Every structure is written in C-alpha cells, then in structure tokens.
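In this text the structure is predicted, and so the values were computed from the model without any measurement. Reminder, nothing fancy here: chain letters follow the sequence lines and each chain counts from 1.
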Number of protein chains: 4
Amino acid sequence: MEFRKSQTIYMQIADHICERILAGIIQEGERMESVREMASQTQVNPNTVMRTFSFLQEQEIIFNKRGIGYFVADDAAEKIKTMKREEFVKEYLPELFKMMQLLDIDFEELKRIYEQSKKAAAK
Amino acid sequence: MEFRKSQTIYMQIADHICERILAGIIQEGERMESVREMASQTQVNPNTVMRTFSFLQEQEIIFNKRGIGYFVADDAAEKIKTMKREEFVKEYLPELFKMMQLLDIDFEELKRIYEQSKKAAAK
Amino acid sequence: MEFRKSQTIYMQIADHICERILAGIIQEGERMESVREMASQTQVNPNTVMRTFSFLQEQEIIFNKRGIGYFVADDAAEKIKTMKREEFVKEYLPELFKMMQLLDIDFEELKRIYEQSKKAAAK
Amino acid sequence: MEFRKSQTIYMQIADHICERILAGIIQEGERMESVREMASQTQVNPNTVMRTFSFLQEQEIIFNKRGIGYFVADDAAEKIKTMKREEFVKEYLPELFKMMQLLDIDFEELKRIYEQSKKAAAK
DNA sequence: GTGGTCTAGACCACC
DNA sequence: GTGGTCTAGACCACA
C-alpha cells in the first residue's frame, strides 16, 4: 500500500478501511484481519495498525473481542457516513465556499470541471 | 486570532494575509506590519510569523527590503489567484468529488447547503 | 453470559461459580459441569473455562478426579468467604476509602446511593 | 515513581496527574511538564507519557498548544470529579454492595473498618 | 493464536 | 525547545 505523506499513515489506513466498509467489501459483523496480518499486508509496523484500530474502536466503527480480534460494528457504515458527512459540512465546505468566492468560481463552473475530470478518469 | 488545529499556524496566517491582499485591505506595494507587530497581534511566536513571511516571499507575494521590512509585491493579487486556483483544482477538487460520491451528495444538494450556510452567516 | 471488559473473562466465570456455591445452587461435594458444557453455556473458549477451573483448584475450592471431572470441595463456601473477605479488606476497601475522600462522599451518602440502587434493581 | 503491576503505567500516571490537579498542586490553566521532562522524572519512556497525555486530552482534562506544550484545562478539576464519580457509582459501587451482601458486612461494620484504617494510617 | 503495553531510538514539522 | 509519528522488537495476559 502506498501512502501520501500529507497525512499520517494510521489515518490513511483508517480511511481505507472505512471505504472498504462503505463499499461492502468488509461486511458488518465480520472479523477484521488481525493486527499482524494487516501490518504485513500494508508493509507497516504493527503498532501503527494498532493505532488505526484503536482510533476506529473509539469511533465505535469496530469493536474488540478479547483474544479473538476486531470486528466491524453492526451500524458501522451508518456511523462512518454520519461522521464523514459532518466533517464534510463543517470543515470542508466552508473552505470550499470561501475559495469559490475568492476565485470567482460558481457552481456551473464547478460542475464543468467535474465533468472534465470524470472524462479524464474514464480514459 | 483563532486557529484551526487541522492546519499549521503559519499557513493559516499566510492565508489570512492573502485574503486581506485580495480584498484590497493591504495594497500592493504597501509595507507589511513588522514580524513583531504581527506576532503580538496574533498572539503567536515571532518565529512563526517569520516562517509565514519566508513562505510568502518564496511565493513572491511579498518581498524584503533589508532593514526596512516586508512589502507586498506589485502583482501579488494576481499571483495569489493563480496559486490558489491551481491548488484548488489540483488538490482540493479531486477530494471534493470523491467525498461527494462517497456521501451521495450531488451538486443540487451542495448548492442547497451553500444557501443555508449563507443564511446562517447573515445572522 | 455477558462480560465486563474491565476484568478477565476467566475471573468473571470464577466469581460466578463462587456465587452459585455460596448461594447453595451448587452443593459442596457435587460434580461441576464439564469444561465443554460450561464453555458452550457461557459462549466462551474451552481454554478459558479450563483456566477458571485451574484457578479454583489452586484456591482449593474445587478438586479434580482424573477422568471424571471437577468437584466442589467440602469446605468450599467457607474458603470462598475467607478469601473474598481478605481480598475485600486488603485490596478493595483502601481504594474505596481513597475514592470517598477524593470525591467528598461520606457514609451517609454511600447509604443513600445504596438505597437508590436497591430501588432501581427492584423494578 | 513506583508502579503497581495491576494497572497499566500510563493510566497510573494519568491518575497521579488527576490527583495533583484535584489537590491544587497543578493549577488550572498552568502548563504541564513537557513529555520528556515527565518521562525522565517518572523513569518511563516518553512514548508512555505521550500516551497518558493523549488520554487526558481526549478526556478534555488537558489541552495542547502546538510547539509549546500541554496545559491544564480551565474546568479540569470539575471534569475529573464528574468522571471519577460516574466511574465510582457505575462500576465500583455495584461490586461493593454485592460484596457486602455476600460477606454479611453492613454499613456500621464498614465504618468501623474505616476508623481503624484511619488510625493505622495516622501512626 | 489474539491484542496490549512498554522500551529504545529515530525523524519530522512546528514554535 | 515542543509534540507527533513511526519503526523494531520485546514481553505479557488472555482465548
């Protein structure tokens, strides 16, 4: 797994897990890979994975069965969506709107850029 | 001045200065506050302000006259716009589109949220 | 069976067994459920039950007849009471008194909380 | 500093800090020792202290000023009391009452043991 | 086998 | 100087 350096590794792993849960690749209630497994998969120190898991457990997205491993919580996908949406609206969008105003970009232009990027991705 | 913890302080100060330049509060060619003045205004370590100035100087948005102080470059506003726009399109928007897809938010909804936030700000 | 996470599972099972002995639900001299039975009842790994039994055997609360199973010792109830009382006075109470002092709780209030919890349990 | 092995070191340090705050030894708003200072004082690895601080920050008992250090929150003492009290009532007391019933100890006897332990401590 | 804690030591960005 | 992240490796209790 490749990591951007603009964000901490353990959070990138957390995001990656969340995306897999949202996409249904990991089912709710299912057992996660063990800390050591995920560490060797991602080529990362087990402590770093441990940190990811601790974070996700705090967010109640996964939970722990002692001696067995970590499991995806029943309402994990819902929790993730709520969390991400809140983050999006409260922290991300204000900056977006500010930037749009600053750069004189309106929603039409935004949409146009979006269509272009979709075409570019389709190649 | 209040700072978000998601970004470094010196960059937040840089952004703040850029906004003031774009808004015409600080004129091109005009002398900036001194490092010490700005440090005491923003309740921040002078080194941190120094770092902001160094960054803006690298971007050629301000320039230094030795022994006198920092001055806003003649084409500062234009430079800022170009810089911000590039940053916006290349780094900000891809993440935006990804988030929108992940959270099932379309442009209509985006606009709706925007209108709401404008009302909230108007209070 | 539900387990608190503040204590190990095998000790919680041990406590549960002790309580049943004190309450006379399991008679002294009587044979215990087998490790496997208890494991499936409590939804727990047989090794964990085994650990409980080993612990209780160390305390001479139960004993083993090879090939037959575990049996409650004749003076089990007495042993448990002695053990628990010692544990209570030496390890539990000092912490209780410290907490009471720290939180400004006196015996009157303790009693009051007790009465309340009894009412709540009576529902 | 000496540590019991029945609890994790980082939590014992956290408790110790909380007690010092409650006792007024560390004032609210005051800066804490740095991670490295406290690590060398307590003869513990800096990472362990870091863990303590992270925990206390989550509990909003201390907060961080970037590049400067950790500071005691304004309502730290109140937060600690609330937290400890809740923990005491919900997790500690139920066990106490159960034990008292099991061991036939009433509040009079509890008080008597308390007075004794106070005398013993006074020596 | 599992997670959890701890140590030692490195490197980094930031103040 | 500050905290924060990461690695490597050890040890432990528990299932």
Nucleotide nearest A/Ser34 when distance is taken to its side chain, options E/dG3, F/dA15, E/dC15:
E/dG3

How do A/Val44 and D/Ile68 order along DNA chain F: which one's closest nucleotide is nearer the 5' end?
D/Ile68

OP1 or OP2 of F/dG3 under 4.0 Å from side-chain N/O of D/Tyr70
no

Decide if the gap between the ring center of D/Tyr92 and the ring center of C/Tyr92 is smaller than 6.0 angstrom.
yes

Check whether any side-chain heavy atom of A/Glu30 sits under 4.5 Å from a side-chain heavy atom of A/Phe71, and report yes or no.
no

In whole angstrom, what separates D/Phe55's CZ from E/dT5's P?
11 Å

If pairing means Watson-Crick or G-U wobble with both distances under 3.5 Å, then the partner of F/dT2 is E/dA13

Is the count of non-hydrogen atoms from other residues, nucleotides or ligands lying under 6.0 Å from A/Gln101 atom CD greater than 12?
no

When rounded to whole Å, the CE to C1' distance for the pair D/Met38 and E/dC6 reads 18 Å

Just so I know, are the side chains of B/Met11 and B/Phe55 near enough to count as touching, which here means a heavy-atom distance under 4.5 Å?
yes

Could you tell me how far apart A/Phe63 (CZ) and E/dT2 (C1') are, to the nearest whole angstrom?
15 Å

Under 4.0 angstrom, heavy atoms only, what part of the nucleic acid is A/Phe53 near: base, sugar-phosphate, or nothing?
nothing

Below the 4.0 Å mark, does E/dG1 have OP1 or OP2 next to a side-chain nitrogen or oxygen of A/Arg36?
no

Per atom distances to the A/Ile9 side chain, the nearest of E/dC15, E/dT7, F/dT7 is F/dT7

Starting at the 5' end of DNA chain F and moving along, which residue's nearest nucleotide shows up first, A/Pro46 or D/Lys65?
D/Lys65

Donor-acceptor pair present, A/Asn45 side chain and F/dG9 base, under 3.5 Å:
no

For atom CD1 of D/Ile62 and atom P of F/dT2, their distance in whole Å
15 Å

Hey, are A/Arg4 and A/Asp15 close enough for a salt bridge, meaning a charged N less than 4.0 Å from a carboxylate O?
no

Between CE of D/Met11 and P of E/dC6 the distance, given in whole Å, is 11 Å

Under 4.0 Å between any heavy atoms, over every strand shown, what does D/Asn47 touch: base, sugar-phosphate, or nothing? Just pick one.
base

Let me know the distance between CD of D/Gln12 and P of E/dT5, rounded to the nearest Å.
13 Å

Given DNA chain E, 5'-ward residue of the pair D/Arg66 and A/Ser54, judged by closest heavy atom:
A/Ser54

Can you check the D/Gln7 CD to F/dA13 C1' distance for me, whole Å?
16 Å

In terms of side-chain heavy atoms of D/Glu37, which of E/dC14, F/dT2, E/dG3 is nearest?
F/dT2

DNA chain E nearest-nucleotide lookup for D/Thr48 and B/Tyr10: closer to the 5′ end is D/Thr48

Taking only the side-chain heavy atoms of A/Arg31 (C-beta and beyond), determine which of E/dC15, E/dT2, F/dT5 contains the nearest atom.
E/dT2

Do any side-chain nitrogens or oxygens of D/Arg51 fall under 4.0 Å of OP1 or OP2 in E/dT5?
yes

Take atom CD1 of D/Ile13 and atom C1' of E/dT5, then tell me their distance rounded to the nearest Å.
12 Å

Side-chain heavy atoms of A/Ile61 within contact of A/Met83, under 4.5 Å
yes

